[in-house]
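So you know, we letter chains A, B, ... as the sequences are listed, proteins then strands, and number each from 1. Predicted model only: the values in this text are computed from it and were never measured.
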There are 2 protein chains.
Amino acid sequence: MADRDIRVLVVEDEAIAAEAHAAYLDRLTGFVHAGTAGDGHAALRALAAAVAAGQPIDLVLMDMTLPDLHGLDVSRRMRAAGLTTDIIAITAVRELHIVRGAVAAGIVQYLIKPFTYATFAQKLVQYRDFRLQLASQSAMTSQTDVDLAFASLRTPTDLPRPKGLSEGTLGAVIEFLKHQTVPVSSSEVMDQLGISRVTARRYLEHLADTGSLDRSPRYGTPGRPENEYAWRR
Amino acid sequence: MADRDIRVLVVEDEAIAAEAHAAYLDRLTGFVHAGTAGDGHAALRALAAAVAAGQPIDLVLMDMTLPDLHGLDVSRRMRAAGLTTDIIAITAVRELHIVRGAVAAGIVQYLIKPFTYATFAQKLVQYRDFRLQLASQSAMTSQTDVDLAFASLRTPTDLPRPKGLSEGTLGAVIEFLKHQTVPVSSSEVMDQLGISRVTARRYLEHLADTGSLDRSPRYGTPGRPENEYAWRR
DNA sequence: ACTGTTGCGGTCATATTGGTCACGGCCGAC
DNA sequence: GTCGGCCGTGACCAATATGACCGCAACAGT
């Protein structure tokens, strides 16, 4: 299992997106694009055909919004057919019950569109590590082994952060902003979190640049206009 | 979802073990024992009956070795029936393909028999946290939110002691931290225990990673922020 | 209406401090 | 005696505060 490439089926109705996923796959070592299906029934047929041909699919990149069936339905039918093929969900839908259903359907990763190549690669590499971890031993010898394997599947490996920003501070700023109902200025963030104005601004600017925050100037007071930031919902 | 207890069905053919699991459940807040099934078909009937009664089961503690069906088969049939009930597998079997199948069947945790109450409680508490995290927001607003929810489900809190850490020193650090009323920095641990800052940090970081410690940066002074640690109660 | 003044936040360079890493030494085990 | 595991050392890296300076808008006086 570990000594051959992971065969991936792309299930995606939009041709452009499907091609993009396939192109992404080619850039990763250890994965091979084994085909594309444009709707749910085609996906199920392709999976069955691959089994019949003795080259079963290892992993499905499944778009949740398909023309005929919902991605979750396709997943359920796969399970009902006894397939243990792993599934990574790709979706623009962020509804709660979809996530819950995904967990129950045995979906190993959940990618929200739009995503960057870095995010895509991270999720797939995590999955590859998970397989390697399982393959490296013939049996789970202890609870710890199982926990580690599961963890390698689901522990987020933090995405590259620009220099000068720390994990903890960034989290604190985000957490603070999420709880605000009105836009806040960098001074307010400084006071509330006990950090300096300069530091507060660095994080706010970064979040605004990456699109997580709305930024707008605030007039009416003496002095240079003050930028105020609001969490984008 | 978050404001009521989690209804749990115990599926276990050995009466003694089933009773033990139920007793364990009673000791945990937020969980309620909703019934016991002695084999696979009984489990499926109980699940359907609970749905019909308007009190669906939230979680199944499923033994894998049942007299009639394998636990994985029961899980697959649940999925085929459209149930999104979560499943925690309990098994003495450690074979690889069982673990792989469990992932595909949407099994959220995997407990290996025999286990202690502490291990049992840890897995269930993790699951409870996962539910709370999902319930705390109406929709997943970002990839990070989804990642965090998945991580809270499967991050091991039971990491083996990594290399470079000794039993004795670890115990000393824990003992010291337990007696502190305010968070301490690695420098303070260094001074008090007479070990180097690097060593102190190794242990503090490990404990923080495993969830035994809370870690937060301390601002207000020039220089890189200092992490302070507090024993989590 | 124009202009200088004032006040406040943005910007930048620098000092400061703790985190991080690689290496080496010591001690116990086999 | 050698090897491996644990810890300390010191150099380097990273993240923050500080303070001086700049820019912009309001305000007041002419």
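Atom P of nucleotide D:dG19 and atom CE of A:M190 are separated by 14 Å, given to the nearest angstrom. For the pair A:R197 CZ and D:dA20 P, the computed distance is 13 Å after rounding to whole Å. Per the geometry, CG belonging to B:N227 stands 16 Å off P belonging to D:dA14, to the nearest Å. One atom, OH of B:Y219, and another, P of D:dT18, lie 14 Å apart when rounded to the nearest Å. Rounding to whole angstrom units, CZ of residue B:R224 and P of C:dG19 are separated by 7 Å. The separation between B:E226 atom CD and D:dA14 atom C1' is 15 Å, rounded to whole Å. The CD-C1' distance, from A:E167 to C:dG19, rounds to 15 Å in whole Å. Taking atom CZ on A:R202 and atom C1' on C:dC12, their separation rounds to 12 Å, with Å as the unit.
B:T199 has a side-chain polar atom (N or O) that falls below the 4.0 Å cut-off from OP1 or OP2 of D:dG8. A sub-4.0 Å separation between OP1 or OP2 of C:dG18 and a side-chain N or O of B:S186 is absent. For the pair B:Y203 and D:dC7, the criterion of a side-chain N or O lying under 4.0 Å from OP1 or OP2 is met. At the phosphate of D:dG8, OP1 or OP2 sits under 4.0 Å from a side-chain N or O atom of B:S196. Phosphate contact (OP1/OP2 of D:dT16, side-chain N/O of A:T169, threshold under 4.0 Å): present. Between B:S166 and D:dC7 there is a side-chain polar atom (N or O) within less than 4.0 angstrom of OP1 or OP2.
Ranked by how close their nearest DNA chain D nucleotide is to the 5' end, B:G194 and A:L165 are led by B:G194. Closest-nucleotide positions on DNA chain D for A:P225 and B:G220 were compared, and the one nearer the 5' end corresponds to B:G220.
Counted by atom type alone, A:D214 and A:Y229 present zero donor-acceptor pairs between their side chains at under 3.5 Å.
Comment: A:R7 does not engage A:D58 in a salt bridge, judged by the lack of any side-chain N to carboxylate O separation of less than 4.0 angstrom. A salt bridge does not link B:R215 with B:E228: none of the charged nitrogens is closer than 4.0 Å to a carboxylate oxygen.
Taking the side chain as every heavy atom from C-beta outward, A:L207 and A:L177 approach each other to under 4.5 Å.
If you check every strand for non-hydrogen atoms under 4.0 Å, A:S185 touches nothing.
Checking side-chain atoms of A:R79 against main-chain N and O of A:L83 turns up a donor-acceptor pair under 3.5 Å.
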